Amino acid sequence: MTTWMLRRLIQAVFVMLAMTVIVFIGVNVIGDPVEILISPEADQAERARAVIALGLDKPLWEQYWRFLLGAVQGDLGRSFVFNEPALKLIAQRMPATLELALTAVLMSVVIGIPLGLYAGLKPDSIGGRLVMGASILGFSLPSFWIGLMLIMVFAVQLGWLPSTGRGQTAELFGVQWSFLTRDGLAHMAMPAFNLALGNIALVLRLTRAGVRENLPMDYVKFARAKGLSPNRVVFVHVLKNILIPIVTVVGLEIGGLIAFAVVTESVFAWPGMGKLIIDSINVLDRPVIVAYLMMIVVLFIVINLLVDLLYTVLDPRVRLETRE
Amino acid sequence: MSELTLDVQGLSTHFFTRAGVVRAVDDISFSVPRGRVLGLVGESGSGKSVTGFSVIGLVDPPGRITAGKILFQGRDLTKLDERDLRDLRGNRIAMIFQDPMMTLNPVLRIDTQMIETVLAHDSVSRSSARERARDALGMVGIPSPEERLNAYPHQFSGGMRQRVAIAIALLHRPDLIIADEPTTALDVTIQAQILAEVQKLAREVGTALIWITHDLSVIAGLADDIAVMYAGRIVETGRVEEVLDRPLHPYTHGLIGSVPSRNARGQRLRQIPGMTPSLLNLPPGCAFRSRCPRADAACEQDPPDSHPLEGRTLRCFHPQLEMVA
Ligand SMILES: Nc1ncnc2c1ncn2[C@@H]1O[C@H](COP(=O)(O)OP(=O)(O)O)[C@@H](O)[C@H]1O
Ligand code: SF4
Ligand SMILES: [Mg+2]
């Protein structure tokens, strides 16, 4: 277990190092931020001063080295635009994105698993077919279009839910969260559902496939031959087997949800990281872009680690020591 | 006549598939007295498992019991609703499956899978259910049962897993155990051990046992009675020594001829020529006639049940009544 953790940590460090190189070269290829940041009327001297102030006069390898030195001290540079530490900017926006993504994950599990069980247990019923049909829509309709439709129906026509912003927030661990207030929850309902839709469909189909695959297995028949109630057979015996692939997929999807939040955040004017990163790319605010991508890498590494740990809890056949 | 634990009369179980009706079990009758072992023998696909699942009420759609009675201690199981059947399953009637690698749930601990079986039928505390589980494991010869309760199925060998399954079947000291080829997937030594243990347990507890197998040599040392199944029908029944000594049905005859130990060394095994017919849309008449050396025009009709000898039933127009040398 400890050797496994240690190996994972070393792997993580190398992944991050590789990422810094790729990201650094990448942002340099995109374009020159000086062109965008400095007014066209500025003279040569002003330009030179700005270039020196931003540290862009140094050769690329030196810029990279200074970035690395700062990074190990927790300093990912200052935003060219806001003149604030990039990390601080991201940290301010991150809770909004995180709570949106995690609520979406929760929704996909809480809605997807029961519907999938139903569709798997009653595949020929009208309800079961309906659920499967709807899940195809959940996959194929573009997320932004569904977002707009949700706003049209629930905000504009019915006026039930607010369509923009985080609403009222409350503090927990020194951070502002929407999920702690009724108003905040109301604001989160539509964007979170919008973000969750694809994953609800995914979890639903995984669950249904799992049920169809597991029901004919001998262990199910044996459980029934023991005289167990149908509820126990489904919710303990079958579900525990199905959860293994679901946890894996959902876990890995969390990273995707955070990345996809960009679209939903734009549609619902949700002030998360997605909005920040779009703006930063537009003005080539390199430190923020780099810091954001580094954050995402860390997030993915942590999520993968948690998924692996959870996997071993769910599936006794998997032992960490023997895994690659 | 001793009291019958199970008395099956005219049971038919058919599968209504898209391709047509599969008469997996077609009008079979047999009985098992208390404390006795019935060997149900036949080639693969002859309907043995479906017979077992019919008795325990676990035939899944598109299959359905279409006719007959299953009298268990006098109650007709085909008339019971699901709730009453569930009370019997795992409690008064238990079943052991063929493949021990597949019968236990891979992600639940052994204690969970045993305790839930106890609690499904008896309202006792978890700790006393656990004690019962531990004792059952000890009874089937699993060393250090207390520790093994905490293990997962993958930590057991195939033979040990089958012992666990047998222990689960024994938890409620059932009146009837249906063992569906429980040793086929195991190697010969373990098979012999398990056979001896199950036989001993059945005798001690007074359980009636249906031992399903395609292997006559297993039946010879284990069963009291035998029922030979072919293409969904029982073609011959009787005391095991009598049937093996003097098979009346040409199919039984062929089966015995194909058992290695009964042939002289070096002599070729006499395989029954031909193949088991498909049970889908089976034509009327004796299903064995395409492979039968004694078949004639009469065999185009269904042979009725007959009792040519004391304690024997038979379905054949031309039984082998003359003694074989
Ligand atoms: N779910 C099913 N659908 C259609 N046919 C089935 C089904 N289950 C069993 N059968 C048919 O029933 C017949 C008997 O099967 P089975 O009882 O498993 O044979 P045995 O146990 O003697 O090997 C087989 O020919 C098979 O085709
Ligand atoms: S009824 Fe006819 S075909 Fe069938 S086993 Fe007897 S002799 Fe053979
Ligand atoms: Mg079988």
Side-chain angles (χ1 to χ4, degrees), chain A residues 113 117 119-125 128 206-207 209-249 307-323, chain B residues 49 52-53 55-62 82-110 112-122 150-155 161-162 164-165 168-169 171-172 174 177-178 180 185:
Chain A
I113 291 182
L117 283 176
L121 292 172
K122 301 210 180 311
D124 298 322
S125 68
L206 270 177
T207 308
V211 172
R212 302 305 307 152
E213 187 189 327
N214 276 270
L215 276 189
M217 302 247 245
D218 268 4
Y219 81 80
V220 174
K221 205 147 202 178
F222 190 64
R224 291 166 66 202
K226 295 196 298 191
L228 304 184
S229 69
N231 279 346
R232 185 156 179 102
V233 174
V234 171
F235 293 108
V236 177
H237 283 258
V238 175
L239 191 59
K240 190 125 197 258
N241 279 278
I242 295 175
L243 276 182
I244 295 167
I246 293 180
V247 163
T248 316
V249 171
V307 169
D308 276 348
L309 286 174
L310 205 55
Y311 203 79
T312 56
V313 173
L314 283 175
D315 191 346
R317 288 161 297 189
V318 177
R319 314 224 41 210
L320 293 177
E321 287 82 352
T322 57
R323 289 188 80 200
Chain B
S49 297
F53 288 129
V55 171
I56 203 169
L58 285 179
V59 177
D60 288 318
E82 177 59 23
R83 181 65 244 199
D84 289 337
L85 272 176
R86 211 206 300 157
D87 285 342
L88 289 176
R89 269 185 222 131
N91 184 9
R92 306 322 322 144
I93 306 176
M95 190 156 176
I96 307 164
F97 292 5
Q98 175 165 2
D99 188 352
M101 304 311 261
M102 307 299 290
T103 34
L104 299 172
N105 191 322
V107 300
L108 295 178
R109 282 190 348 198
I110 299 299
T112 313
Q113 303 194 45
M114 296 190 80
I115 291 169
E116 68 180 2
T117 315
V118 175
L119 296 181
H121 302 291
D122 291 339
N150 294 326
Y152 285 94
H154 72 271
Q155 291 164 305
R161 283 194 219 188
Q162 196 60 295
V164 173
I168 290 175
L171 278 173
H172 292 278
I177 296 178
I178 302 161
D180 188 357

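These figures come from a predicted structure and were not determined experimentally. Letters go in sequence order (proteins before strands), and every chain restarts at 1.
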Give, as side chain, backbone, both or neither, the part of L58(B) having an atom under 4.5 angstrom from any heavy atom of chain A.
both
Can you tell me which portion of Q113(B) sits under 4.5 Å from chain A's heavy atoms? Options are side chain, backbone, both or neither.
both
Atom of G128(A), atom of S125(A) and distance for their closest heavy-atom approach
N-OG, 3.0 Å
Determine which residues belonging to residues 224-237 of chain A lie within contact range of chain B, meaning some heavy atom pair is under 4.5 Å apart, and list them by number or answer 'none'.
R224(A), A225(A), K226(A), G227(A), L228(A), S229(A), P230(A), R232(A), V236(A), H237(A)
Taking side chain as everything from C-beta outward and backbone as N, CA, C, O, which of these in I244(A) sits under 4.5 Å from a heavy atom of chain B? Side chain, backbone, both or neither.
side chain
Chain A contact via A169(B) - which portion, at a heavy-atom distance below 4.5 Å:
neither
Closest non-hydrogen contact found for I168(B) with M114(B) is CG1-CG, 3.8 Å
Max heavy-atom pairs within cutoff under 4.5 Å with chain A, candidates H121(B), M95(B), E82(B), goes to H121(B)
Partners of N91(B) by side-chain hydrogen bond (donor to acceptor under 3.5 Å, both in side chains), sequence neighbours excluded?
none
Heavy-atom closest contact (N241(A) atom, P106(B) atom, distance):
OD1-CG, 3.5 Å
Just jot down the ring pair (Phe, Tyr, Trp, His ring centres under 6.0 Å) partners of F53(B), sequence neighbours excluded, or say none.
F97(B)
Option in L171(B), I178(B), V107(B) with maximal non-hydrogen atom pairs under 4.5 Å from chain A:
V107(B)
Could you tell me which non-hydrogen atom of D60(B) sits nearest to which non-hydrogen atom of K221(A), and how far apart they are?
OD2-NZ, 3.4 Å
Rounded to the nearest 0.5 Å, what separates atom CG in L104(B) from atom CZ in R109(B)?
14.5 Å
Residue pair Y219(A) / L108(B), side-chain heavy-atom distance below 4.5 Å
no
Quick one: list whatever passes side-chain hydrogen bond (donor to acceptor under 3.5 Å, both in side chains) with R212(A), sequence neighbours left out.
none
